[in-house]
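Quick notes on the structure that follows.
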Amino acid sequence: MELLNDALNYVSRLSLFEIIVTFWYFFFVDSLRYIVINGFGLIKYFIEQYSQKGQKVLARQKLFMERPLVSVLVPGKNEGKNLYKLARSLKKQTYKNLELIVVDDGSDDETPTIARHLLKRGLINNFFRNEQRGGKASAANLALRFCKGKYVVHLDADTLARNDALEKMLIHFYLDENIAAVGGDVRVNNLQASVCASLQSLEYIKTITTARSIASAFGMLRIISGAFGAFRTDALNRVKGWDVGPGLDGDITIRFRKIGYKVVHEPNAICYTNVPVKFTKLAKQRFRWDRSLVRFRLRRHRDLLNIFNRNFSFLNFITILENVVFNFAMNLKWWMYFFYIVVFHTDSLHIILLVNYVLYLISNVLQYIYALFILGNTIKKEELQISLLLLLMPLYSTFLMRPVRTYAHMMELIHKVSYFDAWNPWKVSQKQLYAKKNTQKNMMFGQKRES
Amino acid sequence: MEFYLSKQSVTPKELNTAKLYSFEDECDVTNADIIYIDASNLALANKYLRSIRQQSSPAVYLTPIIFICSPLQNLAPAMNLADGLLLTDKLDPYNIQQIRNQFMACKTRIKELVKPEAEDIQIAFKILRYLYIHQQNIEPVRTITSQYGYRYPILEPFFDSQDHSLLNTLEFLESHNLLLSKAIENSYQCNSCESAFLNFQETCSHCQSSNLKMNELIHHFYCAYVDNKDAFLQENGEMVCPKCEKTLKHIGADYDKPSIVYHCNDCHHDFQDAQITTTCYNCHSKSVPDDLVHRKVKSFELSALSKQAAVYGLENMLQAVVKEVFNAIDFNTFDRFVHIESARIHRYQVSNSCLFKIEISDLESLYLELGEKAKGFFIELTQLIKIRLRSSDLVSASNESTIVGLLIETPEQNSKIVMGRMLNDVEQLLKSSVNFHVPISSKLQPITKSIDANELMELLL
């Protein structure tokens, strides 16, 4: 209480200008991005929802009139234990014309036996196995090569889709024929397993449900989750499937956007997935995920930031810029801010940190309220029960997520660590790593590509 | 005495001691030492071979038979049919003497048989005796001339037709531990006609069509593109990735072949695990391997028990011994005596007689354990029983494992004492002779006026 009184006294002594200078990072970065811009985005989202209401009814009718075959692709390694549950959950989908294709990417457990058994029982429509692991992208591309559906749903084996999830996603293809991909809303299944899992549940609601719905409303969605996304098969074939990851889901989304397709997020197409229950595992997962900003936005798709590019698109430019500014540059700036207050406000450091905590708590509560508007009646009781953990969210974001993100960005920038990740087999990673060098060398010596 | 059967009217000079019969002649080959058959016409020779093997007299069907073949003829069909095969250009005294020496032991063994002059009706018994006399092991011969894909040619002349009887007979002998089998290989046969001639082929798991195309998959490491090899192949034989247009140079470095995918040209289904379907060449029925008849192709050899069974018969060694030791009556006569005794007791109502039964279970294990000592064991066993009986008592064997007796003028109490002593003796003998427990059951049935003879026998057995 004493600390709180000190904090109030400290703030009351400051002029408005001083308050803004001291807490500039919150006011000019985070509150601007997540409260103000998201607030406008939320309004846009609801206007859009309202205006599309009638069209969605018609689109649903069209979908069920046409009843196109939808291929559900499930690539993965050692996922046999999840397959039965997955297949059963797909049988309960309101949209029924599905073919389930499982690709076993070099599993070394019982997966092939389980999958073949399910294939015999008719719970799986097709099963392919690569004896040697080739990586997730190649497994997904194998499934894509042999699927027969007009649309493709890419699903992780450990996710369970709500009964109406596929229908909700597919409707979008009948709303706008330029839509190539629809992202599903990934939520946490094991949110009661640990505090770590609960915090991730709150985070998913904030960064997936809210952020992607709003980004979608602005036409700035930059990722269709690999765990649950629907695609037009012809669009996938046009880009010849997924490229090597990690971060292949974000990459393919940008590639769609580059060739003029629209991508949208559907918060009501819900699937539940299991998240790490320990902070160490979570840190490792995020270290892998966060590197993709550097690998794909700053390296592979940096051409989108080139305003002189022949195919320049302002929306794509803004999409990447927003990501780079707020998630990369401002993240680095935060560390500068942190060192600034440590060095110049040493005496009142604890009070500044406390005020920051309160400010970020307010921000998180506001974002949670935004999320509740979007979630509507799809929110589960368990998800509401953990809302008290919002108190921990500023600490979770600041002391776990931010250091991991920064470390991931730096390591990828300096050492290209994503190319050494065991997530891909080395035979695949090394091609990514050395191909560019070789191409440059070949060009230097005037060698032909084929020589 | 040797015989030479031929359509020719002359005997080869090397066989001039053999008695010549033309194929058209009626001939009696009983007690022949060796029968030579001119096999220049194999069909005719085979016919005569069959007619000899299908005789019921052991003195005939057990006789060694040698085919005399021309070196110019196809010998393959003649192999293994008869007991031996001699080529006309090898018909010298040395080879003939070799054959005589070889089959001399057969003749001795034929003479050892109990009542060799009797008629053997049961085909399993004939086979057993033949194998014992010739000390033959039976090896399966792979062939396309049998629908099972293999034959036991040496035994075929015992049967009229090539049906399942031969295999059934061997199975019967094996199940009675008279032959020991060794699995040579597995045979999968049509579940409709049991033909082993099946065409195994990969078929579509959707439409069962065998019109499939097998495609090798290529995975390009650089861009993760996966497609059939055809999609990468250029006209000049190079492989270029359709996605990133890079040339694929080295397998393992640029690309790999993760798997194979079948494409059905009929229903256009793509799949990895082709369904294996079999089509029978004989009856054209289609099946899947799981539904096929699975048979083990076996070779057979004589068991330790075979000699006893071949000499004494399949089921009557104990009976034979009982008869020999007790000079016992057969079971029908015994039954008749029981009727008479029952009627006598019923009429005079002064006598007390009892029936007893001793049954030895698991006789097969006993035979296996004792082998050639089985006969000696049974003699000892029956003698132990004999010393507990009076000369006025009657004994018979109702089947191969059961001894029955009639204790005349012996009250139930005394009969129990006799019975107890007999059982004790038998158990002591078993304990000292075999290393495992042989279950023995016994029963005592007093002959009373209230029970008629048929009922008595039923109660006893």
Side-chain angles (χ1 to χ4, degrees), chain A residues 75 99 101-106 112 115-116 119-120 122 125-148 237-245 248 251-252 424-436 438-439 442 448-451, chain B residues 204-207 212-264 267-276 288-290:
Chain A
E99 66 163 354
I101 301 175
V102 174
V103 178
D104 169 16
D105 191 26
R116 286 190 179 109
L119 183 68
K120 263 191 178 175
N125 297 87
N126 216 339
F127 170 68
F128 297 97
R129 171 171 165 78
N130 291 334
E131 290 296 333
Q132 297 288 322
R133 187 164 78 97
K136 188 137 189 178
S138 72
N141 287 337
L142 170 60
L144 173 66
R145 169 62 185 79
F146 294 108
C147 75
K148 295 189 165 57
N237 283 328
R238 202 176 145 193
V239 297
K240 296 270 193 292
W242 288 267
D243 276 358
V244 177
L248 63 163
D251 172 62
I252 201 165
N424 278 322
W426 175 237
K427 63 186 178 188
V428 172
S429 294
Q430 68 168 349
K431 277 325 263 188
Q432 305 296 306
L433 191 60
Y434 300 123
K436 199 167 182 180
N438 291 339
T439 312
N442 290 344
K448 284 184 181 174
R449 191 184 61 186
E450 292 79 12
S451 62
Chain B
C204 172
S205 51
H206 267 193
C207 70
L212 305 180
K213 188 184 177 199
M214 192 176 80
N215 293 307
E216 270 184 322
L217 285 183
I218 300 282
H219 163 214
H220 186 209
F221 296 157
Y222 179 73
C223 65
Y225 188 67
V226 178
D227 208 331
N228 292 332
K229 190 178 178 180
D230 295 348
F232 288 81
L233 269 178
Q234 303 296 300
E235 281 177 5
N236 59 6
E238 272 189 346
M239 290 209 292
V240 175
C241 177
K243 182 176 178 179
C244 64
E245 296 183 353
K246 285 185 187 298
T247 303
L248 279 61
K249 290 174 190 166
H250 307 291
I251 187 164
D254 297 325
Y255 68 98
D256 65 3
K257 296 176 178 179
S259 52
I260 284 168
V261 171
Y262 293 95
H263 175 77
C264 175
C267 73
H268 302 290
H269 179 49
D270 295 291
F271 53 95
Q272 252 181 346
D273 297 326
Q275 188 178 318
I276 304 296
V288 291
D290 285 349

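Lettering follows sequence order; numbering is per chain, from 1.
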Does any heavy atom of chain A fall under 4.5 Å from the side chain of [X], the backbone, both, or neither of them?
{"X": "B:I260", "result": "neither"}
{"X": "B:D254", "result": "both"}
{"X": "B:H220", "result": "neither"}
{"X": "B:A231", "result": "neither"}

*Residue selection (most heavy-atom pairs with chain B, distance under 4.5 Å) from A:R129, A:Q132, A:K148*: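 The answer is A:R129.
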
*Winner by heavy-atom pair count (cut-off under 4.5 Å) against chain B, out of A:N126, A:L144, A:D105, A:L119*: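 Option with the top pair count is A:N126.
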
Pairwise distance [atom1]([X]) to [atom2]([Y]) - rounded to 0.5 angstrom:
{"X": "A:F127", "Y": "B:F271", "atom1": "CZ", "atom2": "CZ", "result": "15.0 Å"}
{"X": "B:Y225", "Y": "A:S138", "atom1": "OH", "atom2": "OG", "result": "13.0 Å"}
{"X": "A:N125", "Y": "B:H206", "atom1": "CG", "atom2": "NE2", "result": "7.0 Å"}

*asked:* So, applying side chain to side chain contact (heavy atoms under 4.5 Å, CB included) with A:F146, which one of B:N228, B:D227, B:V226 is it?
replied: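 Filter result, single survivor: B:N228.
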
_So A:E131 and B:S259, do their side chains get closer than 4.5 Å, heavy atoms only?_
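A side-chain contact under 4.5 Å is absent here.
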
*Which atom pair, heavy atoms only, marks the closest approach of B:C223 to A:D243?*
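It is O-OD1, 3.5 Å.
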
_SB check A:R145 B:D270 (cutoff 4.0 Å)_ =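 Not counted as a salt bridge, because no side-chain N and carboxylate O are separated by less than 4.0 Å.
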
*Given side-chain contact (heavy atoms from CB on, under 4.5 Å), test A:V239 with B:K243 step by step and report yes or no.*
CA-CA 8 Å; A:V239 297; B:K243 182 176 178 179; over 6 Å; no

